[in-house]
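Each residue takes its place number in the sequence, starting with 1.
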Amino acid sequence: MKPDPRAHPEFSVCDPACGTGGFLVAAYEWFNGLVKGAMDRDLAKRVRRATYFGQELVARPRRLALMNLFLHNIEPSIPLGDTIYDPPGPRRFDVILTNPPFGTRGANQAPVRDDFTVATSNKQLNFLQHVLTVLRPGGRAAVVLPDNCLFADQAGDVFRILCEDCDLHTVLRLPRGTFTPYSQGVKANVVFFTKGAPTETVWVYDARTNVPGITKKDRPLAAAHFADFEKCYGKDPNGRAKRRPEDSEQDRWRAFEIGEVRGREFKLDSFKWLKEESLEDADDLPEPAELATDAIAELEGAVKELNAVLTLLENGYNGANSRRPIP
């Protein structure tokens, strides 16, 4: 993502769901390593006090984020508040790096915001709409999203708008267990986009299929898991480097034109081409938490279908004996 504050005098980096500030610290450490700590007085002052921004819902993680960045000689702006239910301020950002909280806890009603085109109670989709609002034209974002967000109700509507307003140039399917031990079993992705031009081609990198799941001790997450992806992504943070499917030796890198994306109703989870090999080795079986997560997703889908049946019955439909058409 190359969050380089030297790009222009008002350059800013934001994480609207910053937790303890990990992404903001990583953005600063990347830049500090790039310049090897050598900054003139004006740049050093701006980097310290006017470059890194965040927001956090819970007081304790916010305090930890402030301390974390202070220990890196950074004085960030991290207000305490609800990112998706509170109206956004006037500031817009050049780079947004964020991992919105997974799950449905607290997502019981759609936020009332004029800038949200799609009304939904899905937290991750609302975070995505928030990013669309606060990203500066020409700015770029990388957002971590769970699989179920890619095929959830109204996901297609949100991604259609995103593809119209932004260049959604890259989707990275993360290895199983990436967030072990914090969110075991969650399958997740990173979507990369630049605001200001519509999407023409979406490149998808599959770092999950036939890759042994991440574990805390035996198979910890390492930079090597993403070395091939970084090579395929290219040096341009906006995804405009020359790209070829053959850049990946294991056929993990493919391009899909916007017409095909539109034909699949912008459901990004449908772009899969590698076949999962037989998991005969017990060591390669999914973690119990992953199996439980998949089972919960299946059960939630079944409950949704049953609720639809109940709605039909409440509207007077009683099966074969009814002459009324199904609404």
Side-chain angles (χ1 to χ4, degrees), residues 17 84 97-107 118 120-131 141-163 168-193 199 202-215 219 221 225-226 229 233 252-254 256 260-261 263-277 279 284-305:
I84 57 177
L97 307 168
T98 191
N99 179 7
F102 294 159
T104 58
R105 184 178 178 183
V118 179
T120 175
S121 61
N122 185 293
K123 286 196 301 184
Q124 291 82 25
L125 292 178
N126 284 325
F127 266 101
L128 202 56
Q129 293 191 91
H130 175 79
V131 170
V143 183
V144 180
L145 296 172
D147 270 20
N148 57 19
C149 177
L150 302 186
F151 58 80
D153 289 346
Q154 298 168 304
D157 295 332
V158 172
F159 280 103
R160 175 181 56 79
I161 294 169
L162 190 150
C163 286
L168 174 59
H169 51 80
T170 310
V171 176
L172 167 63
R173 299 184 71 218
L174 294 170
R176 295 191 305 272
T178 290
F179 296 98
T180 299
Y182 307 105
S183 298
Q184 282 184 300
V186 172
K187 296 177 181 178
N189 314 266
V190 186
V191 295
F192 300 82
F193 54 92
T199 302
V202 178
W203 286 83
V204 180
Y205 188 94
D206 186 350
R208 183 185 307 164
T209 304
N210 298 321
V211 174
I214 304 301
T215 62
R219 293 190 295 266
L221 191 68
H225 284 96
F226 304 109
F229 167 70
Y233 187 98
R252 296 188 177 277
W253 182 236
R254 288 198 180 182
F256 300 90
E260 186 171 359
V261 177
R264 300 194 191 190
E265 298 180 335
F266 298 92
K267 296 298 179 71
L268 300 182
D269 66 303
S270 65
F271 294 101
K272 301 173 184 176
W273 61 95
L274 293 176
K275 185 177 181 181
E276 190 77 57
E277 296 175 358
L279 298 176
D284 289 335
L285 289 173
E287 295 288 336
E290 180 178 338
L291 296 173
T293 300
D294 290 344
I296 290 171
E298 294 283 348
L299 290 170
E300 287 177 344
V303 169
K304 191 173 295 185
E305 292 179 5

Q. Under 6.0 Å from the CD atom of Q154, do we count more than 12 heavy atoms belonging to anything else shown?
A.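 Counting neighbours around CD of Q154, more than 12 heavy atoms of other residues, nucleotides or ligands fall under 6.0 Å, so yes.
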**Q.** Steps toward side chain to side chain contact (heavy atoms under 4.5 Å, CB included) verdict (E276, N210)
**A.** CA-CA 6 Å; E276 190 77 57; N210 298 321; 3.2 Å; yes
In the structure I gave you, are the side-chain heavy atoms of [X] and [Y] within less than 4.5 Å of one another anywhere?
X    : Y    : answer
V202 : F271 : no
L125 : V118 : no
V191 : L168 : yes
V261 : L268 : yes
F127 : P101 : yes
Q129 : T120 : yes
P100 : K123 : no
F193 : T199 : no

Over all atoms of both residues, closest heavy-atom pair of [X] and [Y]:
X    : Y    : result
R208 : R252 : N-NH1, 4.3 Å
F159 : C149 : CE1-O, 4.3 Å
Q124 : P146 : CG-CD, 3.7 Å

Q. In terms of the angle between their ring planes, are F229 and W253 parallel, tilted or perpendicular, with boundaries placed at 30° and 60°?
A.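 Because their plane-to-plane angle is over 60°, the rings of F229 and W253 count as perpendicular.
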Q. Between H169 and Y233, how do the two ring planes meet: parallel, tilted or perpendicular, split at 30° and 60°?
A. perpendicular
Q. Among all residues two or more places apart in sequence or in another chain, which pass the side-chain contact (heavy atoms from CB on, under 4.5 Å) test with D269?
A.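 Applying side-chain contact (heavy atoms from CB on, under 4.5 Å) to D269 gives L150, F151, K267.
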Q: Hey, could you give me the OG1/CG distance between T215 and L221, rounded to the nearest 0.5 Å?
A: 10.5 Å
